[in-house]
Q: 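Pasting in a structure now, in structure tokens, and then I'll have a few things to ask.
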Amino acid sequence: MPELPEVEAARRVLEHALDRRIVAVDDTDEWVCRPHRPGEIASVLLGGTLTAAHRRGKSMWCDTRDVHGEEGPALGLHLGMGGRIVVTDADGVRAGGDPRPDRAPRQAGWNRFTVRFDDGGELRLFDKRRLGRVRLDPDIDALGPDAEHITAAQLRERLGRSHAPLKARLLDQKVLAGVGNLLADETLWQARLSPSRPSDELDRSEVNRLHRSLRRALRAATANGGVHTGRVIEHRHADGTCPRCGAPMVHGTVGGRSTWWCGKEQG
DNA sequence: ACTCGTGTTAGCTG
DNA sequence: TCAGCTAACACGAG
């Protein structure tokens with residue numbers, strides 16, 4: 001389920017939907033497409049094309065061109081907790097090397113947003129839980145710097161603004177964009193920092209360590225196929241032990257989210 | 001059967 | 001103003 005590395009993979013799939021003429025749009029899911037009314041998104045896309053696929057943190061958006069070739073509003077896409085982007089060709093074959101069969105016909109009810117192209121292919125947001133989101137001109141500037149590109153200096157300045165627990169700050173998309181619950185636990189474990197440390201109490205070397213750990217965790221997740229491949233992730237359960245020192249993993253709630261940490265190294 | 005959760009956000013409370 | 005809590009979404013896993 002999607003954090004930054006998974007969303008980047010979805011963005012690459014989205015690139016297969018570019019420069020194809022849009023002939024139909026289903027935007028009738030009023031929850032996923034809120035606050036737009038049914039037909040509103042359709043009316044700006046019909047006859048036009050998507051021209052580029054961007055990502056910042058876990059948010060994606062496509063530039064659009066209307067039927068006259070004029071630039072239109074951006075089409076924002078968010079996967080929520082379990083959404084997937086599916087792009088197909090005329091034969092229903094999925095783009096992006098996804099080997100799983102396309103179950104769209106059988107699971108049509110879980111397609112929350114669909115764009116059909118004149119070549120017969122489709123772009124779909126498939127999302128059982130309806131936590132994904134589609135909207136025009138999403139406010140990307142409300143997000144902090146992308147977690148992949150944030151500098152140590154930016155991170156230091158942003159963490160220094162608040163006394164909230166460190167993990168809560170890492171999860172706050174306005175502080176930096178792209179870190180979810182698993183990536184936060186993995187990053188803090190790698191950096192040997194307590195999730196509940198007041199964010200503004202980290203010294204310079206601790207922030208640098210956190211920054212390096214964030215980059216390492218992101219790189220590894222991208223290379224290995226997702227944040228669930230992080231080293232500490234499989235030890236996030238009762239009876240789990242720290243894969244470095246063997247001490248018991250401790251569980252609690254930090255920043256409103258289920259949190260696991262090494263009781264010895266991250267005390 | 002029942003609880004929890006890889007996400008976000010509005011609205012409330014202290 | 002800030003931090004924390006709840007509800008809303010709806011399903012799978014344990």
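Residue numbering restarts at 1 for every chain, and letters A, B, ... go by the order of the sequence lines.
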Q: Give A/Gly80 one of three labels, base, sugar-phosphate or nothing, depending on what nucleic acid heavy atoms sit under 4.0 Å from its own.
A: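 The answer is sugar-phosphate, as A/Gly80 gets under 4.0 Å only of primed atoms, P, OP1 or OP2.
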Q: May I ask you to evaluate whether A/His78 reaches the phosphate of B/dT8, defined as a side-chain N or O under 4.0 Å from OP1 or OP2?
A: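 Yes, because at least one side-chain N or O of A/His78 sits under 4.0 Å from OP1 or OP2 of B/dT8.
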Q: In sequence, state the C-alpha distance, the side-chain angles, and the governing distance for A/Glu30 and A/Arg34, and then conclude on salt bridge (Lys or Arg N to Asp or Glu O under 4.0 Å).
A: CA-CA 5 Å; A/Glu30 293 187 63; A/Arg34 73 193 184 282; over 6 Å; no
Q: Does A/Arg236 have a side-chain nitrogen or oxygen under 4.0 Å from the phosphate oxygens OP1 or OP2 of B/dT6?
A: yes
Q: Could you check whether A/Arg244 makes a cation-pi contact with A/Trp189, meaning its NZ or CZ is under 6.0 Å from the centre of the six-membered ring and within 45° of the ring axis?
A: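 Output yes; distance and angle both within limits.
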Q: Quick one: is A/Ser258 getting a side-chain N or O under 4.0 Å of the B/dC4 phosphate, OP1 or OP2?
A: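 False: A/Ser258 side-chain N/O out of range (4.0 Å or more) of B/dC4 OP1/OP2.
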Q: Looking at A/Asp185 and A/Arg236, is there a salt bridge between them, counting it only when a charged N and a carboxylate O are closer than 4.0 Å?
A: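 Answer for the salt bridge query: yes.
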Q: Among A/Arg215, A/Arg56, A/Arg216, A/Arg55, whose salt bridge (Lys or Arg N to Asp or Glu O under 4.0 Å) with A/Glu148 holds?
A: A/Arg55
Q: Using the P atom as the point on both nucleotides, what is the distance between B/dC4 and C/dC5, in whole Å?
A: 15 Å
Q: Under 4.0 Å: is that the gap between some side-chain N or O of A/Gln173 and OP1 or OP2 of B/dT8?
A: yes
Q: Between B/dT6 and C/dG14, how far is it from one P atom to the other, in whole Å?
A: 13 Å
Q: Check whether any side-chain nitrogen or oxygen of A/Lys128 sits under 4.0 Å from OP1 or OP2 of C/dA10, and answer yes or no.
A: no
Q: Within less than 4.0 Å of OP1 or OP2 of C/dC11, is there a side-chain N or O belonging to A/Trp110?
A: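 Answer yes for this pair, as a side-chain N or O of A/Trp110 is under 4.0 Å from OP1 or OP2.
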Q: Is any side-chain nitrogen or oxygen of A/Arg257 closer than 4.0 Å to OP1 or OP2 of B/dG7?
A: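 Checking B/dG7 against A/Arg257, a side-chain N or O does come within under 4.0 Å of OP1 or OP2.
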